[in-house]
Chemist: 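Take a look at this one; I'll ask things after.
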Number of protein chains: 2
Amino acid sequence: MTTERLRDLIETTQGELPPLTVALVQDLDLPEHLAIADVAALTGVTAHTLRYYERIGLVEVPRDAAGRRVYDREALGRVVFITRLRDSDMPIAAIARYVELVKQGPGTEPERLALLEAHRADILHRLADLQAALAVVDYKITTYGGACGT
Amino acid sequence: MTTERLRDLIETTQGELPPLTVALVQDLDLPEHLAIADVAALTGVTAHTLRYYERIGLVEVPRDAAGRRVYDREALGRVVFITRLRDSDMPIAAIARYVELVKQGPGTEPERLALLEAHRADILHRLADLQAALAVVDYKITTYGGACGT
DNA sequence: GTAGGACTTCGAGCGCACTCGAACACAAGG
DNA sequence: CCTTGTGTTCGAGTGCGCTCGAAGTCCTAC
């Protein structure tokens with residue numbers, strides 16, 4: 001049963017799962033076939049949300065004879081990729097667009113690149129916002145409980 | 001009319017308004033009394049949203065004889081403070097809690113500080129997420145249009 | 001053979017943060 | 001005086017990203 005091997009894997013790498021990277025997924029000697037619960041445990045994305053992602057076309061997941069989802073390496077990689085983008089607030093619609101372009105195959109690279117670069121700009125903007133907010137919060141913390149309108 | 005002076009001010013500082021800081025608001029020789037449209041123009045927050053913020057208790061705004069909102073320096077500073085926190089994704093509920101504590105006056109400093117430090121931790125977490133996403137996006141951009149599951 | 005648990009689909013519901021529209025009030029300029 | 005513009009309140013609507021529950025299927029262990 002794949003779940004057991006996974007449990008072990010999660011135990012041994014305990015606490016270290018959040019920084020699960022796309023590359024890591026490739027290297028890690030994970031079982032080739034994962035049940036939805038395993039993917040949920042690995043990625044921190046709920047099974048409900050994983051089904052939702054599939055429903056809206058972000059990822060295609062093969063099934064076994066009984067119709068159950070079987071996540072292979074590719075599907076898992078895709079899920080991790082999606083969560084990284086979501087962590088940076090990339091809208092679902094943009095991710096869907098990107099995935100759509102990949103599905104269309106070659107020739108769509110320019111638009112993919114444009115999408116990524118637009119998102120890269122967004123990320124840089126968000127980083128600046130966060131730095132600014134951090135400065136404000138730090139200032140408040142050092143002046144300790146001052147009025148909030150200053 | 002205050003709006004005219006403001007228009008000038010916005011014109012002269014054109015393009016430079018987004019980085020409007022809390023401190024800047026103090027220094028800038030802004031009119032002491034601003035109409036809601038002026039605050040909207042200065043902060044980039046819509047009048048609708050400004051009214052919403054007041055409705056839910058994030059900011060108190062004095063009125064003129066006719067019942068119109070008159071933003072003084074304090075109210076403006078508060079709005080800017082709020083937008084900084086919102087830019088860093090601090091939930092409205094947390095901001096409301098903080099504002100509530102300030103309104104309650106002295107003795108609430110410890111909880112205010114705790115709130116700020118919790119939010120500071122959130123910001124650092126978000127920064128890390130963004131850096132991770134940036135790495136993924138940059139990798140994709142350099143490898144230019146590769147599959148999205150890798 | 002039967003109880004339990006993990007899975008399936010489907011559609012509806014939720015929480016957040018706005019966002020909007022309707023209907024009305026008032027102030028200043030021509 | 002009348003129009004135009006800017007404001008007011010109120011309550012309802014929107015969009016996003018999940019999140020949940022119901023009802024059913026299927027494998028596994030006892």
Side-chain angles (χ1 to χ4, degrees), chain A residues 1-7 31 33-71 75 79 82-97 99 119 122 126 129, chain B residues 1-7 31 33-71 75 79 82-97 99 119 122 126 129:
Chain A
M1 191 189 211
T2 136
T3 309
E4 282 182 32
R5 290 176 57 196
L6 224 222
R7 294 270 164 264
H33 301 299
L34 296 168
I36 195 169
D38 302 327
V39 176
L42 267 173
T43 62
V45 178
T46 70
H48 271 304
T49 301
L50 287 172
R51 290 190 203 101
Y52 167 71
Y53 284 166
E54 186 181 356
R55 220 162 52 218
I56 63 176
L58 292 192
V59 56
E60 276 171 29
V61 186
R63 307 307 175 100
D64 67 9
R68 305 222 276 256
R69 288 170 182 81
V70 176
Y71 285 78
V79 169
I82 293 167
T83 59
R84 279 290 154 272
L85 295 182
R86 290 292 307 127
D87 282 349
S88 60
D89 292 330
M90 185 164 180
I92 293 264
I95 301 176
R97 178 68 189 145
V99 164
H119 183 54
D122 279 356
R126 298 276 307 119
D129 280 353
Chain B
M1 193 186 208
T2 135
T3 308
E4 283 180 32
R5 290 177 56 195
L6 223 220
R7 294 270 164 264
H33 302 298
L34 297 168
I36 195 168
D38 302 327
V39 176
L42 268 173
T43 62
V45 178
T46 70
H48 272 304
T49 301
L50 287 172
R51 289 189 204 101
Y52 166 71
Y53 284 166
E54 185 182 357
R55 220 161 53 217
I56 63 176
L58 292 193
V59 56
E60 277 171 27
V61 185
R63 307 305 176 101
D64 66 10
R68 305 224 275 257
R69 287 171 183 80
V70 176
Y71 286 78
V79 169
I82 292 166
T83 58
R84 280 289 154 274
L85 295 182
R86 289 293 306 126
D87 282 348
S88 59
D89 292 329
M90 185 165 180
I92 293 263
I95 301 177
R97 178 68 187 147
V99 163
H119 183 54
D122 279 356
R126 297 277 307 119
D129 281 351

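A, B, ... follow the sequence lines: proteins, then strands. Residue 1 opens every chain. As the structure is a computational prediction, the values presented were derived from the model and not from experiment.
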Chemist: Given atom NE2 of His48(B) and atom P of dT9(D), what is their separation to the nearest angstrom?
Modeler: 12 Å

Chemist: May I ask you to decide if Asp64(B)'s main-chain N or O and Arg69(B)'s side chain share a donor-acceptor pair within less than 3.5 Å?
Modeler: no

Chemist: In whole Å, I'd like the distance from the CZ atom of Arg51(A) to the P atom of dC10(C).
Modeler: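 My rounded result for the distance is 12 Å.
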
Chemist: Pull out every protein N or O sitting under 3.5 Å from an N or O of nucleotides 14-18 of chain D, one pair per line with the distance.
Modeler:
unit_1	atom_1	unit_2	atom_2	d
dG17(D)	OP1	Ile92(A)	N	3.3
dC18(D)	OP2	Tyr53(A)	OH	3.0
dC18(D)	OP2	Arg86(A)	NE	2.8
dC18(D)	OP2	Arg86(A)	NH2	3.4

Chemist: With side chain to side chain contact (heavy atoms under 4.5 Å, CB included) as the test, would you mind laying out the steps for Ile36(B) and Arg51(B) before giving the verdict?
Modeler: CA-CA 9 Å; Ile36(B) 195 168; Arg51(B) 289 189 204 101; 3.7 Å; yes

Chemist: In whole Å, what is the span from the CD atom of Glu54(B) to the P atom of dA17(C)?
Modeler: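 Atom-to-atom, Glu54(B) to dA17(C), this comes out as 19 Å.
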
Chemist: Give the intermediate values and the outcome of side chain to side chain contact (heavy atoms under 4.5 Å, CB included) for residues Tyr52(A) and Leu58(A).
Modeler: CA-CA 9 Å; Tyr52(A) 167 71; Leu58(A) 292 192; over 6 Å; no

Chemist: I want to check something: taking the side chain as every heavy atom from C-beta on, are Ile95(B) and Ile82(B) in contact at a cut-off of under 4.5 Å?
Modeler: yes

Chemist: Under 3.5 Å, side chain of Arg55(A) to main-chain N/O of Leu50(A), donor-acceptor pair present?
Modeler: no

Chemist: Measure CD1/Ile95(B) against C1'/dC18(C) and give the value in whole Å, please.
Modeler: 13 Å

Chemist: If I compare all heavy atoms of Ala47(A) with all of Ala40(A), which pair ends up nearest, and what's the gap?
Modeler: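 Residues Ala47(A) and Ala40(A), closest heavy atoms: N-CB, 4.0 Å.
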
Chemist: Of the candidate nucleotides dC7(C), dC27(D), dT9(D), which contains the atom at the shortest distance from the side chain of Ala66(A)?
Modeler: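 Shortest atom-to-atom distance from the side chain points to dC27(D).
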
Chemist: Identify whether any heavy atom of Arg69(A) sits under 4.0 Å from a base atom; if not, whether one sits that close to sugar-phosphate; answer base, sugar-phosphate or nothing.
Modeler: sugar-phosphate

Chemist: Can you spot which of Val61(B), Thr43(B), Thr49(B) makes a side chain to side chain contact (heavy atoms under 4.5 Å, CB included) with Val79(B)?
Modeler: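 Going through the options one by one, the only one that passes is Thr43(B).
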
Chemist: Measure CG/Leu50(A) against C1'/dT8(C) and give the value in whole Å, please.
Modeler: 14 Å

Chemist: Near DNA chain D, which residues from residues 56-65 of chain B have a heavy atom under 4.0 Å away?
Modeler: Arg63(B)

Chemist: Could you tell me whether the side chain of Ser88(B) reaches within less than 4.5 Å of the side chain of His119(B), counting heavy atoms only?
Modeler: yes

Chemist: Would a 4.5 Å heavy-atom cut-off, applied to side chains only, mark Asp89(A) and Asp89(B) as touching?
Modeler: yes

Chemist: Within this structure, what is the CZ-to-C1' distance between Arg68(A) and dG24(D), rounded to whole angstrom?
Modeler: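 Rounding to the nearest Å, CZ of Arg68(A) and C1' of dG24(D) are 14 Å apart.
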
